[in-house]
Amino acid sequence: MAKSETSSDTARPWQSYHTVYTNAKAGMDGVDKEKVQRIVYEMSKGSKYFENEERKEAFIRQKIETMRARCAKLTATDISHFQMVAEKRILELEAARNLSRIWLHVDMDAFYAAVETLSNPSLAGKPMAVGTMSMISTANYEARKFGVRAAMPGFIARKLCPELIFVPTDFKKYTYYSDLTRKVFQKYDPNFMAASLDEAYLDVTEVCKEKGVTGEEIAKEIRASVFEETGLTCSAGVAANRLLAKVCSDINKPNGQFVLPNNRMAVVTFISSLPIRKIGGIGKVTEHILRDALGINTCEEMLQKGSYICALFSQSTAEFFLSVGLGLGRTDTPEVRLRKSISNERTFSATGDETLLYRKLEEIAEMLSTDMQKEGLCGRTLTLKLKTAAFELRSRAVTLQKHICTSKDILKHASKLLKAELPISLRLIGLRMSHLNEERDGVPLDPTQKTLTHFMVSGDASGKDVDEQRSFGHEAHDISDYFVNKEKSDSFTGSHETRHTHIDHLDSNHSSELNDDNCTFDSNAAEMETVHNPSSDVTADKVQGTSCLNTVTNGANFLEGEAEAVSSSRQRELFLWVNGYKCSICGTEMPPDFVEERQEHCDFHLAENLQKEESGTEFRSSNPRQRVVCKAQIVSQSQRKKRKSSPKEGRHIPIDLFFVKSNQNF
DNA sequence: ATACATACC
DNA sequence: GACTGGTATGTAT
């Protein structure tokens, strides 16, 4: 069933960038896009906001130009080299394809708007939006017919649809209904992942097996159950991984579902004609860049232009793009995600009045402190976010010795940060605390640290209570997400499925990007969060001191005058991890998990070569030796990192505890 | 560690 | 009549 339905999506003309809003979301069928575009443009034109958007646009265009220039400079040799790199990566990714799971992505239809309509039936059938004149959160389908949609300012929406009814947001209501849906999800997958109040991922592999039914049937059952419990409709996508399931849930929205069979051909066919913008993690900017710099419009083209992707982007970004081209995505159920930061920000009418600005800062500090204390959190890094009257964003941070959480402490440090920016005219001030730790003065707290300490001290690699501290993409949009799932999962963002989502930034150094290329071609898995204990690297010197010097003699020959990219890339070809473990040059062993270390190690050899050849000060003198650790450490660390299984701990914690203490660290 | 950019709901 | 708020993460320096 997969196939053709996709084409309908493909057909969408995404005459891109015109103005500010790009999205081609569902429910916009009979919309006169030309007209909408024109009105949006006219309503924005000349504003400070608009001017800032133009600046950003110009910057992106320049970035694209730079990339095109780099593409043009690639020689046939470069291209064939990167072609090989791409092919190798594609093979590796393909080899890891997992079609054994059945993932379901459930997405409530126009959630906020639907909930508001439930509580006020008179809104049914009328164009309505949840939000304010400044910003709309969600629009119902009647309003979408006019081009009104989420993330659009209310005053523009009203222009598009004069009859539009505005309803203020009421999170309590949404949370209540969200919880009802989650109770349903829990029955099908106790470890389901909430992506936000209105979205969730369920691994229904087991349920399907138990009940002897298909993913399609389960999806229908769940949707019916959700409707029964809430009176709200939702859409679902069923596929072998989360990335695909998410794309699928959007296809027959609203109140529909789409099943992509767990069959390689079906997946490949499905993904091939899919516009890249449909993929979670590929937004407006990335779409623009890939299209205008590389001519990539569909996922299939990600593979066709694999060589350019590998040549222009960082390793992680390239890998993400290639996996998208293959229709790969995550199939695991990550363990607990910890909140990484907590913040509060407010927009107000622009002012340069210092007294006013300080008053605002004070309010934000208080609100943030309240939120933190509500969750028993303390943080060590404070970041001040500012948006100038011209819409430019700035951030200023300080990392303290101690964790803080009182409004007094927060304000004290925030004031210093703000003072340094004066005079300035602002329209927004925000504060964010990160490097969080659970409060309680004397108590150790933070399970993460505790386990880490425990690990180092005891050398225990069993991961018994260590596990899961790794972090990938995830997030947790709402506090409520933490609740419901605390038991096990936690929330997860819906964004990057495969891995990184982000695009790198322009160009810039080849060298660094090129370096990524080969050094770690064998490392897919790893998510490095390499916990490195500086103090443990002491003995390292000798490990590498030895054999490293007799480097690659061959490599040196290429270092001459030509494109440095070429020479270094060729050199890299000589640099391999024997058996996926041992450096082919000096014999140092490093597990695939050590992505960063491997890169540095690779850099080191390259730098050595350069120095030998000429002066060479190219590469930064980071001594990989400091990164090389003795074998025992490597082994134990890698084991710890693998921490595949061993989720346990979470299960011993009573749910109530999470409510009381904010679950944060589990 | 800090600053900035991108993404998603 | 003037373009949100919260969180995460990648990249560069």
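In what follows, chains are A, B, ... by sequence order, proteins preceding strands, each numbered from 1.
The nearest whole Å value for the distance from the CG atom in A:Leu368 to the C1' atom in C:dG5 is 13 Å. If you take CZ of A:Arg394 and C1' of B:dA5, they are 16 Å apart, rounded to a whole angstrom. At whole-Å resolution of the value, CD1 in A:Ile289 and C1' in B:dA5 are 10 Å apart. Between A:Ile60 atom CD1 and B:dC4 atom P there is a gap of 17 Å when expressed in whole angstrom units. One atom, CG of A:Leu384, and another, P of B:dA1, lie 19 Å apart when rounded to the nearest Å. Atom pair A:Met152:CE and C:dC3:P shows a separation of 15 Å (rounding to whole Å applied). Atom CE of A:Met193 is separated from atom P of B:dC8 by 16 Å (rounded to the nearest Å). When the C1' atom of C:dG10 is taken as reference, atom CD of A:Gln315 falls 14 Å away, rounded to whole Å.
Taking NZ from A:Lys63 and NE2 from A:His288, the interatomic distance works out to 11.0 Å, rounded to the nearest 0.5 Å. We find the CG-CD distance between A:Asp292 and A:Glu65 to be 9.0 Å, quoted to the nearest 0.5 Å.
Of the candidate nucleotides C:dC3, B:dA7, B:dT2, B:dA7 has the atom nearest to the side chain of A:Val285. Set against C:dC3, B:dA7, B:dA1, the side chain of A:Thr399 has B:dA1 as its closest nucleotide. The listed nucleotides are B:dT6, B:dA3, C:dA8; the one nearest the side chain of A:Ala397 is B:dA3. For A:Ser395, taking side-chain heavy atoms from C-beta onward, the closest of the listed nucleotides B:dA3, B:dC9, C:dC3 is B:dA3. You'll find that the side chain of A:Arg380 is closest to B:dA1, out of B:dA7, B:dC9, B:dA1. The side chain of A:Glu345 approaches C:dG6 more closely than any other nucleotide in the set C:dC3, B:dA3, C:dG6. Across C:dC3, C:dA8, B:dA1, the shortest atom-to-atom separation from the side chain of A:Pro153 is found for C:dC3. Proximity note for A:Thr347 (side chain, C-beta onward) versus B:dA1, B:dC9, C:dG5: the nearest is C:dG5. With C:dG1, C:dT7, C:dA2 as the candidates, the nucleotide lying closest to the side chain of A:Arg158 is C:dG1. In the set B:dC9, C:dC3, B:dA7, B:dC9 carries the atom at the smallest distance from any side-chain atom of A:Ser196.
Along DNA chain B, the nucleotide closest to A:Thr381 and the one closest to A:Ile279 are compared, and the more 5′ of them pairs with A:Thr381. If you find the closest nucleotide of DNA chain C to A:Arg427 and to A:Arg346, the one lying nearer the 5' end belongs to A:Arg427.
Among the heavy atoms of the strands lying under 4.0 Å from A:Ser47 is at least one base atom, whether or not backbone atoms are also near. A:Lys387 comes within 4.0 angstrom of sugar-phosphate atoms only, judged by non-hydrogen atoms across all strands, and of no base. Using a 4.0 Å heavy-atom cutoff across all strands shown, A:Ile342 reaches sugar-phosphate atoms only and no base atom. Using a 4.0 Å heavy-atom cutoff across all strands shown, A:Lys56 reaches no nucleic acid atom at all.
For the pair A:Arg396 and B:dC4, the criterion of a side-chain N or O lying under 4.0 Å from OP1 or OP2 is met. Distances shown here put every side-chain N or O of A:Thr169 at or beyond 4.0 Å from the OP1 or OP2 atom of C:dG5. Contact annotation: A:Thr286 does not reach the phosphate of B:dT6 (side-chain N/O to OP1 or OP2, under 4.0 Å). Between A:Ser341 and C:dA8 there is a side-chain polar atom (N or O) within less than 4.0 angstrom of OP1 or OP2. Under 4.0 angstrom from either OP1 or OP2 of C:dT11 there lies at least one side-chain N or O belonging to A:Thr317. Neither OP1 nor OP2 of C:dC3 sits under 4.0 Å from any side-chain N or O of A:Arg149.
Figure legend: cation-pi geometry between A:Arg144 and A:Tyr141, with NZ or CZ positioned under 6.0 Å from the six-membered ring centre and within 45° of its axis.
The only option from A:Gln373, A:Lys374, A:Met367 that meets the side-chain contact (heavy atoms from CB on, under 4.5 Å) definition with A:Thr370 turns out to be A:Lys374.
Using a 4.0 Å cut-off between charged nitrogen and carboxylate oxygen, A:Lys246 and A:Glu199 count as a salt-bridge pair.
Relative ring orientation between A:Tyr201 and A:His105 is described as tilted, the plane-to-plane angle lying within the 30° to 60° band.
Nucleotides C:dT4 and B:dA5 place their P atoms 16 Å apart, quoted to the nearest Å.
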Name the atoms and distances for all side-chain donor-acceptor pairs under 3.5 Å in residues 426-436 of chain A, with sequence neighbours left out.
from	atom 1	to	atom 2	distance (Å)
A:Arg432	NH1	A:Ser341	OG	2.6
A:Arg432	NH2	A:Ser343	OG	3.2
A:His435	ND1	A:Thr381	OG1	2.7

